[in-house]
S.K.: 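Starting off with a structure, shown below.
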Amino acid sequence: MKRVNILDCTLRDGGYLIESQFGNTAIKGIIRGLTDAGVDVIECGFLKDEPHTKGSTIFNNAAQLRPFLPEERRQASYVCLADYSRYSIDNLEPYDGTSIDGVRACFFKHERKWVINFCRSIKEKGYKLYVQPVDILGYTDAELLDLIEDVNSLEPYAFSIVDTFGSLYKDDLQRIFYLIHHNLVSSAKIGFHSHNNLQMSFALSQEFIDLTQGLRKIVVDSSMAGMGRGAGNTNTELVMQYMNRKFNSGYDIDTVLDLIDNYIDGFHNQYEWGYSIPYFLAGQHSAHVNNISYLSSKAGIASRDINFLLNRLGPTERKRYDYDFLEKLYIEYLGTQCDDEKAIEELKQAFHEKDILILLPGHSIVSHKKQITEFYEKKRPLVISVNLLSHDYPINFAYFSNKNRYHYWRSATHFREYKKIVTSNVTTAKENEQWVIDFSRLVKCGWEQLDNSGILLLRLLDLLDVKSIAIAGFDGYSHNAENQNYIQKAMEKTRNTLNAEEANKDILSMLEDYMNTRNLNCPISFITPSLFESAVKGDTND
């Protein structure tokens with residue numbers, strides 16, 4: 001019997017990215033291809049207390065998996081993961097050899113005593129029992145030994161080291177492996193499931209394979225092309241290559257490469273996973289990736305801000321996600337209060353009964369320069385640029401509520417040429433020709449894009465008695481590679497931190513809220529095309 005088993009978890013861990021909607025054709029093709037490639041264990045999806053739908057890798061029982069499994073199984077074993085808190089084990093029928101042969105029981109540390117009967121039922125029904133404790137690094141040695149003692153009575157097929165937050169280093173893996181190895185029943189395999197937050201996943205998988213040689217039979221989790229939520233997983237093709245090179249294991253890598261070409265690349269074109277700075281921070285702090293996704297969606301946030309905010313969360317809060325609490329923390333962090341009454345009064349005098357042209361940094365201020373210039377020549381408005389300095393247009397005031405953009409442009413030689421309006425989350429320094437506005441005066445909670453600079457500026461103008469507002473460059477976001485979102489490519493956000501469709505919906509909702517609640521009854525119009533024009537329908541700027 002092989003000492004090292006590769007367990008491919010693409011259909012399960014990769015499912016987090018796409019709500020498990022692989023499609024029936026892809027599910028069958030992936031399972032058959034992995035079987036033909038010689039992969040030892042294939043995780044086919046989740047067992048959950050919800051109905052199975054066409055094309056999904058979420059199943060309610062083993063019988064629902066039968067149509068997806070090949071007639072010729074070769075040496076492959078087929079398993080599903082059952083989350084203790086999301087699956088009633090009563091829904092799982094006894095093993096009969098026609099479907100999956102193993103169940104991976106997943107549970108949080110606080111559930112470790114309750115999960116034992118759940119695990120016992122899996123074994124009693126005739127399935128191989130894989131014990132998968134979430135966040136192994138979150139256990140003290142005493143807690144881990146206590147869990148192992150309870151698990152030993154079940155004689156599981158395998159017990160896994162699960163690096164949920166991608167936080168393990170080599171010495172952590174060594175310490176945890178030896179602790180488990182010396183105390184786990186000798187008949188059980190030890191598994192390793194890692195995430196690539198620290199760019200350590202494949203290296204740790206190699207270390208695990210080498211470390212355990214002569215000591216234990218093991219199971220190494222991986223996914224094709226590393227597909228998985230956030231930073232993703234160890235790559236199946238890399239582990240196969242390592243096993244072939246070092247142990248002459250005979251895995252058919254070409255078949256897996258075909259699967260990646262035929263199925264996984266299509267998902268990779270639509271969804272992002274893999275190492276990034278935000279997910280590095282998640283690994284550093286052992287933080288849930290949903291916290292990272294939420295914070296990364298903020299338009300003005302910098303990596304050091306995420307680092308600071310994760311430090312503000314306690315160890316327990318980091319491993320959960322509470323969006324209301326995160327939003328409150330984010331607002332507190334940004335909302336450095338300042339006395340802006342004098343600044344508001346001075347701006348009122350400058351803006352009273354003036355026509356205003358807002359220049360946002362959308363690419364349309366390049367493609368529609370003629371229309372903008374014609375409008376300017378006709379109306380001679382006061383021009384406010386947003387997070388942007390440009391000699392292409394006559395700018396009266398440069399407005400900044402995005403700290404990253406402010407510090408980027410501050411190094412420009414022509415920075416001092418402009419009168420600047422700056423929100424207090426960017427700086428509270430009252431330099432020459434600079435008005436600082438209290439950020440908390442302008443922000444409203446309830447949206448992921450709550451710090452959108454265009455919306456914040458409109459709320460400020462609502463206080464300044466302006467005559468009319470025209471908007472250019474408020475284009476909306478697109479993930480189409482042919483569409484440039486900003487006047488400069490360098491201003492683009494990385495795709496894995498911004499869902500264009502959701503961001504556009506959020507901003508449209510904020511603009512509609514602004515139109516419904518503003519105090520100033522002045523006309524608003526768009527000079528350049530925008531995805532948000534419908535929110536101001538009915539306003540004119542003749």
Side-chain angles (χ1 to χ4, degrees), residues 5-84 86-89 91-106 122 125-132 157-158 160 162 191 193 219-229 233-234 236 239-240 251 255-256 259-260 262-264 267:
N5 282 175
I6 295 177
L7 184 152
D8 185 275
C9 59
T10 306
L11 291 171
R12 197 270 306 172
D13 221 336
Y16 285 116
L17 288 165
I18 59 174
E19 297 182 346
S20 300
Q21 292 297 320
F22 284 88
N24 284 356
T25 299
I27 297 170
K28 290 179 181 179
I30 288 171
I31 293 174
R32 180 179 296 278
L34 291 172
T35 301
D36 292 343
V39 172
D40 306 284
V41 186
I42 301 163
E43 190 172 43
C44 303
F46 298 88
L47 290 173
K48 288 187 178 181
D49 287 334
E50 55 186 77
H52 171 67
T53 58
K54 184 178 179 180
S56 172
T57 54
I58 295 175
F59 305 94
N60 190 245
N61 55 49
Q64 292 172 350
L65 279 123
R66 289 192 194 111
F68 298 97
L69 303 183
E71 294 182 9
E72 178 55 56
R73 298 190 174 205
R74 303 196 177 191
Q75 302 301 314
S77 173
Y78 304 96
V79 302
C80 276
L81 183 136
D83 189 327
Y84 168 73
R86 298 180 181 180
Y87 187 62
S88 171
I89 203 64
N91 291 330
L92 182 64
E93 68 273 40
Y95 172 71
D96 64 5
T98 66
S99 183
I100 57 173
D101 51 32
V103 176
R104 309 223 287 172
C106 170
I122 292 170
K125 289 173 182 285
Y127 295 90
K128 295 174 184 176
L129 169 65
Y130 295 72
V131 179
Q132 304 284 124
Y157 181 80
S160 286
V162 182
H193 182 95
V219 181
V220 179
D221 287 15
S222 61
S223 63
M224 290 185 289
M227 185 179 183
R229 182 168 54 181
N233 303 76
T234 304
T236 297
V239 179
M240 292 172 71
Y251 293 107
T255 297
V256 169
L259 293 176
I260 294 171
N262 294 334
Y263 301 112
I264 307 305
F267 294 120

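The structure presented is a predicted model; accordingly, all values stated were derived computationally and were not measured. Keep in mind that the numbers below use all heavy atoms, side chains included, and drop hydrogens, waters and symmetry copies.
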S.K.: Would you say the side-chain atoms of S160 pair up with the backbone N or O of V162, donor to acceptor, closer than 3.5 Å?
M.R.: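 No.
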
S.K.: Nearest 0.5 Å, please: how far is OG1 in T57 from CD in E19?
M.R.: 11.0 Å

S.K.: Measuring from I260:CD1 to F267:CZ, what's the distance to the nearest 0.5 Å?
M.R.: 13.0 Å

S.K.: Calculate, to the nearest 0.5 Å, the distance between atoms CG and CD belonging to L47 and Q64 respectively.
M.R.: 9.0 Å

S.K.: Tell me the closest heavy-atom pair linking G29 and L259, and the distance in Å.
M.R.: O-CD2, 3.5 Å

S.K.: Can you check side chain to side chain donor-acceptor pair (under 3.5 Å) on N233 and D13, steps first, answer last?
M.R.: CA-CA 8 Å; N233 303 76; D13 221 336; 2.9 Å; yes

S.K.: Can you tell whether the side chains of R104 and D221 come within less than 4.0 Å, N to carboxylate O?
M.R.: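 A salt bridge links R104 with D221.
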
S.K.: Where is the tightest heavy-atom contact between T236 and S222, given as atom of each residue plus distance?
M.R.: OG1-OG, 2.8 Å

S.K.: Which distance, rounded to the nearest 0.5 Å, do you find between the SG of C44 and the CG of L65?
M.R.: 5.5 Å

S.K.: At what distance, to the nearest 0.5 angstrom, does CZ of R12 lie from CD of E43?
M.R.: 4.5 Å

S.K.: Go through it in stages, so that I can follow the logic: the residues are V41 and V79, the test is side chain to side chain contact (heavy atoms under 4.5 Å, CB included), and I'd like the CA-CA distance, side-chain angles, deciding distance and then a yes or no.
M.R.: CA-CA 7 Å; V41 186; V79 302; 3.8 Å; yes

S.K.: Measuring from N262:CG to I30:CD1, what's the distance to the nearest 0.5 Å?
M.R.: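 Nearest 0.5 Å value for the CG-CD1 distance: 10.0 Å.
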
S.K.: Where do E93 and Y127 come nearest, in terms of heavy atoms and distance?
M.R.: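 Where E93 meets Y127 most closely, the heavy atoms are O-OH, 2.7 Å.
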
S.K.: Over 60° means perpendicular and under 30° means parallel, so classify the ring planes of Y130 and Y157, tilted if in between.
M.R.: tilted

S.K.: Around atom CZ of R73, are there more than 12 heavy atoms from other residues, nucleotides or ligands closer than 6.0 Å?
M.R.: yes

S.K.: Output, in order, the C-alpha distance, side-chain angles, deciding distance and verdict of side chain to side chain contact (heavy atoms under 4.5 Å, CB included) for L17 and M227.
M.R.: CA-CA 8 Å; L17 288 165; M227 185 179 183; 3.9 Å; yes

S.K.: Side chain to side chain contact (heavy atoms under 4.5 Å, CB included), that's the test. Do Y78 and I31 meet it? Break it down for me.
M.R.: CA-CA 9 Å; Y78 304 96; I31 293 174; 3.7 Å; yes

S.K.: Are the side chains of Q75 and D40 in touch, meaning some heavy atoms are under 4.5 Å apart?
M.R.: no

S.K.: Between F46 and Y16, does the ring-ring contact (aromatic ring centres under 6.0 Å, His included) criterion hold? Intermediate values first, please.
M.R.: CA-CA 10 Å; F46 298 88; Y16 285 116; 5.4 Å; yes

S.K.: Will you find, in the side chains of S88 and D49, an N or O donor that is under 3.5 Å from an N or O acceptor?
M.R.: no

S.K.: Tell me the closest heavy-atom pair linking N61 and N91, and the distance in Å.
M.R.: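 That would be CB-O, 3.3 Å.
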
S.K.: Please tell me if the side chains of Y251 and V239 come closer than 4.5 Å, counting only heavy atoms from C-beta onward.
M.R.: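 They are not in side-chain contact.
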
S.K.: Main chain of G55, side chain of N24: is a donor-acceptor contact present, judged purely on distance under 3.5 Å?
M.R.: yes

S.K.: Using modelled atom types only, decide if a donor and an acceptor are shared between the side chain of T10 and the backbone of M224 within a distance under 3.5 Å.
M.R.: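 Answer holds: yes.
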
S.K.: Give the minimum heavy-atom separation between C106 and L81, together with the two atoms involved.
M.R.: CB-CD2, 3.9 Å

S.K.: Which pair of non-hydrogen atoms, one from Y263 and one from T25, has the smallest distance, and what is that distance?
M.R.: OH-O, 4.1 Å

S.K.: Treating T255 as the side-chain partner and A37 as the backbone partner, does any N or O pair qualify as donor plus acceptor under 3.5 Å?
M.R.: no

S.K.: Closer than 4.0 angstrom, basic N to acidic O: yes or no for D96 and R66?
M.R.: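 The answer is yes: the pair qualifies as a salt bridge.
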
S.K.: Would you please indicate yes or no on a ring centroid separation below 6.0 angstrom for Y87 and F59?
M.R.: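 Between Y87 and F59, which both carry aromatic rings, the centre distance is not below 6.0 Å.
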
S.K.: Step by step, would you call D36 with E72 a side chain to side chain contact (heavy atoms under 4.5 Å, CB included)?
M.R.: CA-CA 9 Å; D36 292 343; E72 178 55 56; over 6 Å; no

